[in-house]
There are 2 protein chains.
Amino acid sequence: MLTIGKLAHETGVKVPTIRYYEQIGLLPEPDRSAGNQRLYDGAHRDRLRFVRHARELGFPLDAIRDLLSLSDRPEASCAAADGIVREQLHAVRERIARLQALEEELARMIAQGCHGTIADCRVIEVLGDHALCAHDHAGGD
Amino acid sequence: MLTIGKLAHETGVKVPTIRYYEQIGLLPEPDRSAGNQRLYDGAHRDRLRFVRHARELGFPLDAIRDLLSLSDRPEASCAAADGIVREQLHAVRERIARLQALEEELARMIAQGCHGTIADCRVIEVLGDHALCAHDHAGGD
DNA sequence: CTAATCTCTCTAGCAACTATAGCTTCAAGA
DNA sequence: TCTTGAAGCTATAGTTGCTAGAGAGATTAG
Ligand SMILES: [Zn+2]
Ligand SMILES: [Zn+2]
Ligand SMILES: [Zn+2]
Ligand SMILES: [Zn+2]
């Protein structure tokens with residue numbers, strides 16, 4: 001049996017985060033000690049590790065919730081799980097593409113190399129006028 | 001003179017967002033009409049376009065606040081502005097690197113190609129055990 | 001038995017907006 | 001002039017995924 005602090009230590013998830021996950025229904029409510037303190041077992045630890053790992057891979061909590069409920073039904077088809085991962089991969093690739101466009105644009109701004117006053121500053125100028133940009137980075141952030 | 005709706009239309013920034021920027025002190029309070037409605041001029045529009053463009057390039061509002069106050073002092077050295085942009089470029093590159101590691105890992109998970117039940121699902125298995133990962137994606141999100 | 005360390009609940013805050021409610025003002029047509 | 005509809009106003013709360021603090025109670029080592 002683990003107290004919340006030990007569970008935190010074993011999983012690398014901070015104590016308030018564990019309580020937060022419980023609050024939003026991502027983790028089940030554990031039993032309590034006579035003094036009302038949470039007591040966890042191995043199953044809780046595995047579940048929390050799963051959550052942490054999925055978070056490290058960038059999955060949003062909603063997707064993790066779905067993945068968890070799938071993993072609770074071992075006989076179900078894994079197509080749904082694979083779909084969630086595919087979706088996440090897609091989202092990650094989109095973010096990468098957007099960021100790479102930004103990277104190029106920022107690098108271009110800096111490459112113009114200005115060392116004067118703000119009045120002649122290339123970067124301030126470009127920031128003020130998207131027409132000076134090479135890309136169309138219109139899409140939301 | 002522009003009403004807030006026209007300013008929104010001309011800059012592509014939504015009306016509530018403009019009011020929000022004013023509230024946090026990013027945009028100056030404009031004059032008001034007799035009926036208490038905001039009235040903007042060309043300077044306001046330029047400033048808001050600057051903000052929007054910087055946001056599109058991923059700058060946080062705090063950095064934009066600094067850039068704006070620099071651009072109000074045309075005789076100042078532009079080193080500070082360049083530094084902010086360099087910092088942003090650095091942040092973007094770091095985010096790209098992190099996302100690329102995630103992308104590889106997710107692609108690897110999917111490439112294992114599983115079409116069975118959850119009990120045998122590779123992706124659920126990998127999510128449950130970071131030891132099956134090729135990367136150390138420990139760092140924050 | 002006491003002191004130090006956990007743990008408890010609850011509230012509020014972060015970024016950067018977005019959405020809603022309930023009201024007032026404005027512009028144009030009949 | 002009246003009326004209707006769009007646009008504007010303020011203020012509050014919600015979003016995501018936590019994090020920080022207050023003030024109280026529980027547990028454990030010496
Ligand atoms: Zn410069
Ligand atoms: Zn641009
Ligand atoms: Zn599968
Ligand atoms: Zn991993």
Side-chain angles (χ1 to χ4, degrees), chain A residues 1-27 29-40 44 48 50-68 88 91-92 95 98 102 139-141, chain B residues 1-27 29-40 44 48 50-68 87-88 91-92 95 98 102 137 139-141:
Chain A
M1 281 301 186
L2 299 158
T3 62
I4 198 169
K6 280 174 192 146
L7 180 66
H9 187 75
E10 286 198 14
T11 59
V13 179
K14 290 181 187 156
V15 168
T17 304
I18 297 173
R19 287 196 278 247
Y20 169 72
Y21 286 164
E22 179 187 324
Q23 191 196 313
I24 62 168
L26 204 60
L27 298 180
E29 297 187 18
D31 291 338
R32 300 287 186 124
S33 74
N36 197 37
Q37 301 197 348
R38 291 169 178 83
L39 290 178
Y40 298 92
H44 286 104
L48 183 51
F50 184 101
V51 172
R52 178 181 142 109
H53 194 208
R55 282 297 296 139
E56 283 172 359
L57 287 163
F59 287 87
L61 292 181
D62 269 3
I64 296 175
R65 199 190 304 273
D66 293 345
L67 287 167
L68 279 171
Q88 169 67 6
V92 166
R95 282 163 70 194
R98 260 205 326 266
L102 297 194
D141 182 25
Chain B
M1 280 302 187
L2 298 159
T3 63
I4 198 170
K6 280 174 192 145
L7 181 65
H9 187 76
E10 287 199 14
T11 58
V13 178
K14 291 181 188 154
V15 168
T17 305
I18 296 174
R19 287 197 278 247
Y20 168 72
Y21 286 164
E22 178 186 324
Q23 192 195 313
I24 63 169
L26 203 61
L27 298 180
E29 298 187 17
D31 290 338
R32 300 287 185 123
S33 73
N36 197 35
Q37 302 197 347
R38 291 169 179 84
L39 290 178
Y40 298 93
H44 286 106
L48 183 51
F50 185 101
V51 171
R52 177 185 166 170
H53 195 206
R55 282 297 297 137
E56 283 173 357
L57 287 163
F59 288 87
L61 293 181
D62 269 3
I64 296 175
R65 200 190 302 272
D66 292 347
L67 287 167
L68 279 171
E87 211 174 273
Q88 169 68 4
V92 166
R95 280 160 69 194
R98 260 203 325 266
L102 297 194
H137 38 146
D141 180 30

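A, B, ... follow the sequence lines: proteins, then strands. Residue 1 opens every chain. These values consider heavy atoms only, across backbone and side chains, with no hydrogens, waters or symmetry-generated copies.
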Find the distance between NZ (A/K14) and NE2 (A/H9) and round it off to the nearest 0.5 Å.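 The NE2 atom of A/H9 is 14.5 Å from NZ of A/K14, to the nearest 0.5 Å.
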
Supply the atom-to-atom distance B/Q37 CD to B/M1 CE, rounded to the nearest 0.5 angstrom. 14.0 Å

Ignoring backbone atoms, test whether [X] places a side-chain nitrogen or oxygen under 4.0 Å from the OP1 or OP2 oxygen of [N].
X: B/Y21; N: C/dA16; value: no
X: A/R19; N: C/dC10; value: no
X: B/K14; N: C/dT18; value: yes

Can you tell me how far [atom2] of [N] sits from [atom1] of [X], to the nearest Å?
X: A/E22; N: C/dC8; atom1: CD; atom2: C1'; result: 12 Å
X: A/D62; N: D/dG17; atom1: CG; atom2: P; result: 7 Å
X: B/I64; N: C/dA15; atom1: CD1; atom2: P; result: 13 Å
X: A/Y40; N: C/dC6; atom1: OH; atom2: P; result: 16 Å
X: A/I18; N: D/dC18; atom1: CD1; atom2: C1'; result: 13 Å
X: B/Y20; N: C/dA15; atom1: OH; atom2: P; result: 7 Å
X: B/L39; N: C/dT25; atom1: CG; atom2: P; result: 14 Å
X: B/Q23; N: D/dC9; atom1: CD; atom2: P; result: 13 Å

Of A/G35 and B/P60, the one whose closest DNA chain C nucleotide lies more 5':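 On the 5' side of the pair lies A/G35.
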
Are the side chain of [X] and the backbone of [Y] linked by a donor-acceptor contact shorter than 3.5 Å?
X: B/Q88; Y: B/L57; result: yes
X: B/T11; Y: B/L7; result: yes
X: A/R98; Y: A/L102; result: no

Consider the side chain of B/R32, meaning its heavy atoms from C-beta on, and name the nucleotide among C/dC17, D/dT10, D/dC18 that approaches it most closely.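 Nearest to the side chain of B/R32 among the choices is D/dT10.
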
Residue A/R38, side-chain heavy atoms: nucleotide from C/dT9, C/dC17, D/dT10 that is nearest: C/dT9

Whether A/E22 and A/R38 form a salt bridge (side-chain N of Lys/Arg under 4.0 Å from carboxylate O of Asp/Glu) is what I want to check. yes

Looking at B/E10 and B/K6, is there a salt bridge between them, counting it only when a charged N and a carboxylate O are closer than 4.0 Å?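 Salt bridge flag = no for B/E10 with B/K6.
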
Starting at the 5' end of DNA chain D, which residue's closest nucleotide do you reach first, A/S33 or A/P16?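 Its nearest nucleotide being more 5', the pick is A/P16.
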
Between A/L61 and A/Q37, which has a closest nucleotide on DNA chain D that is more 5'? A/L61

Mind listing the residues from residues 2-11 of chain A sitting with a heavy atom below 4.0 Å of DNA chain C? Number order is fine.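 A/T3, A/I4, A/G5 - these, ordered by number, are the residues of the stretch whose heavy atoms sit under 4.0 Å from the strand.
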
